[in-house]
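We name chains A, B, ... by the order of the sequence lines, and we start the count at 1 in each one.
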There are 2 protein chains.
Amino acid sequence: MLKKMLDQFQNYLSSKGLRMTGQRELIARTFFENQRHMSTEELHHRVQKISSQVGYATVYRTLKLLSDAGLAAGRSFGDGFTRYEPDNQIEHHDHLICTRCGAIIEFENDRIESLQKSVAGQYRFEVTHHVMELYGICSKCRS
Amino acid sequence: MLKKMLDQFQNYLSSKGLRMTGQRELIARTFFENQRHMSTEELHHRVQKISSQVGYATVYRTLKLLSDAGLAAGRSFGDGFTRYEPDNQIEHHDHLICTRCGAIIEFENDRIESLQKSVAGQYRFEVTHHVMELYGICSKCRS
DNA sequence: TTTTCTATTGACAATGATTTTCATTTTCAG
DNA sequence: CTGAAAATGAAAATCATTGTCAATAGAAAA
């Protein structure tokens, strides 16, 4: 899975005449290996533990490349900064976000997806992607 | 409708020991009178046309008050800044956003809403509010 | 009306995430 | 190897948003 993602990144870079460098591979690898919904800061921190001279700008730049390649997706959940998650463009999921402890739970529901498509159809609107986030209190915080 | 909104704002301010000033009324009125999904910049611009010495900070502060009062809701649609829309807390709606021309279309669908609740229930999650945005190409841009 | 207390305002500085700049280093095709 | 083009890191620049603060205005009391 990880290798596949890195290969796809490699392919994307080649197709654009860009280079796979040590930093880019390290950042991409760290991103794909670790838990989802990482902020740029977290990713930078993890990468620095391995190779301490990687700069913030390079993390931002690489994340942007991954986005452009369709391998990462950025979202802003309302706190100040953008979080990224691997985007394997096959299965899509949405989020439950606890406003008390910040936990993020993923879910998917095909019936909602198909209803969304039907609504869009009523407006002759062609959906390319969507965001659905349910905010509230998670079970842990409730008990 | 407009009077009702302004009255609610007035009530909220009173309940908090705050004052309804000329600037606040002007900003709130302009906000409620005009089209939805206004950015702070747009609102500031419109307000300045009427009373040219109203500052940015006051627009931000008033928008925050309106949010706290439950009369406005802020969202970030991916471009750099926050847009606000009147929030009459009775009927909820979601958005279709055209990534080509920027058009924002509102819709509501009760079946999706109830499915959302049932999904949340599976995770023993108590939803307070949600965001659903479908991005794509609108009918105008498609033809 | 006048006083007095407190909220409000606007100009401007500060913040903080993200981007850009730029001089230096690295990559890779020839 | 070599040299052109891409990539990097450090620091400066952006830009939306928030905080500061001295000056002003509103409301209640006198």
Side-chain angles (χ1 to χ4, degrees), chain A residues 9-31 37-69 72-84 102, chain B residues 6 9-31 37-69 72-84:
Chain A
F9 189 31
Q10 172 71 270
N11 288 344
Y12 174 80
L13 292 174
S14 302
S15 75
K16 296 284 180 179
L18 304 175
R19 295 162 182 166
M20 173 62 93
T21 65
Q23 289 95 325
R24 282 182 183 164
E25 186 178 334
L26 173 58
I27 293 167
R29 181 184 296 278
T30 307
F31 175 66
H37 311 117
M38 238 187 304
S39 66
T40 313
E41 189 186 14
E42 281 161 19
L43 182 53
H44 178 245
H45 188 250
R46 281 174 196 273
V47 165
Q48 279 222 322
K49 280 201 284 201
I50 298 168
S51 177
S52 59
Q53 78 290 2
V54 175
Y56 250 103
T58 303
V59 175
Y60 273 101
R61 286 188 280 234
T62 305
L63 238 16
K64 180 142 204 311
L65 286 172
L66 287 168
S67 276
D68 294 344
R75 324 189 167 291
S76 58
F77 286 130
D79 43 3
F81 39 73
T82 306
R83 291 169 182 285
Y84 288 84
Chain B
L6 288 176
F9 189 30
Q10 172 72 269
N11 288 343
Y12 174 79
L13 292 173
S14 302
S15 76
K16 296 284 181 180
L18 304 175
R19 297 163 182 164
M20 174 60 94
T21 64
Q23 289 95 324
R24 282 181 182 162
E25 187 179 333
L26 173 59
I27 293 167
R29 180 185 296 279
T30 306
F31 174 66
H37 312 115
M38 238 187 304
S39 66
T40 314
E41 188 186 14
E42 282 162 18
L43 182 52
H44 178 245
H45 188 250
R46 281 174 196 272
V47 165
Q48 280 222 323
K49 279 202 283 200
I50 298 168
S51 177
S52 60
Q53 80 289 1
V54 175
Y56 250 103
T58 303
V59 174
Y60 272 99
R61 287 188 280 235
T62 304
L63 238 17
K64 181 141 203 311
L65 286 173
L66 287 168
S67 276
D68 293 345
R75 325 186 166 292
S76 58
F77 286 128
D79 43 3
F81 38 74
T82 305
R83 292 169 181 284
Y84 287 84

Peer 1: B:Arg19 and B:Leu13: which non-hydrogen atoms are nearest, and at how many Å?
Peer 2: O-CD1, 3.7 Å
Peer 1: Where the side chain of A:Ala57 is concerned, which of C:dT9, D:dA11, C:dT8 is the nearest nucleotide?
Peer 2: D:dA11
Peer 1: By the 4.0 Å heavy-atom rule, please label B:Glu41 as base, sugar-phosphate, or nothing.
Peer 2: nothing
Peer 1: Round to a whole Å and report the spacing from CD of A:Gln53 to P of D:dA7.
Peer 2: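 Whole-Å distance recorded here is 18 Å.
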Peer 1: Taking for each residue the nucleotide of DNA chain D bearing the nearest heavy atom, is the 5' side occupied by A:Gly17 or by A:Val54?
Peer 2: A:Gly17
Peer 1: Can you see if the side chain of B:Thr82 gets near the phosphate of D:dA16 - specifically, an N or O under 4.0 Å from OP1 or OP2?
Peer 2: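 Answer is no, no contact under 4.0 Å.
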Peer 1: Would you mind reading off the distance between A:Tyr60 atom OH and C:dT21 atom C1', rounded to a whole angstrom?
Peer 2: 17 Å
Peer 1: How does protein reach along nucleotides 22-30 of chain C, written 5' to 3' as B (base within reach of a heavy atom under 4.0 Å), S (only sugar-phosphate), or - (no contact)?
Peer 2: -----B---
Peer 1: Mind checking B:Phe81 for me? I need base, sugar-phosphate or nothing, with any heavy atom below 4.0 Å counting as a touch.
Peer 2: sugar-phosphate
Peer 1: On DNA chain D, nearest-nucleotide positions of A:Leu65 versus B:Thr40: which is more 5'?
Peer 2: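 The residue mapped nearer the 5' terminus is A:Leu65.
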Peer 1: Mind running side chain to side chain contact (heavy atoms under 4.5 Å, CB included) on B:Met20 and B:Gln10 for me, showing each step along the way?
Peer 2: CA-CA 6 Å; B:Met20 174 60 94; B:Gln10 172 72 269; 3.7 Å; yes
Peer 1: Using distance alone, with no hydrogens and no angle criterion, decide if A:Gln53 and A:Ser51 have a side-chain donor and acceptor under 3.5 Å apart.
Peer 2: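 Yes - a donor-acceptor pair under 3.5 Å links their side chains.
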Peer 1: For the residue pair A:Tyr84 and A:Ser67, establish whether any side-chain heavy-atom pair is separated by less than 4.5 Å.
Peer 2: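 In contact.
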Peer 1: With rounding to the nearest 0.5 angstrom, report the CD to NE2 distance, B:Glu41 to B:His44.
Peer 2: 9.5 Å
Peer 1: D:dT8 phosphate, OP1 or OP2: any side-chain N/O from A:Arg24 under 4.0 angstrom?
Peer 2: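 True: A:Arg24 side-chain N/O within range (under 4.0 Å) of D:dT8 OP1/OP2.
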Peer 1: Would you compute the distance between atom CD of A:Glu42 and atom OG1 of A:Thr30 and round it to the nearest 0.5 angstrom?
Peer 2: 13.0 Å
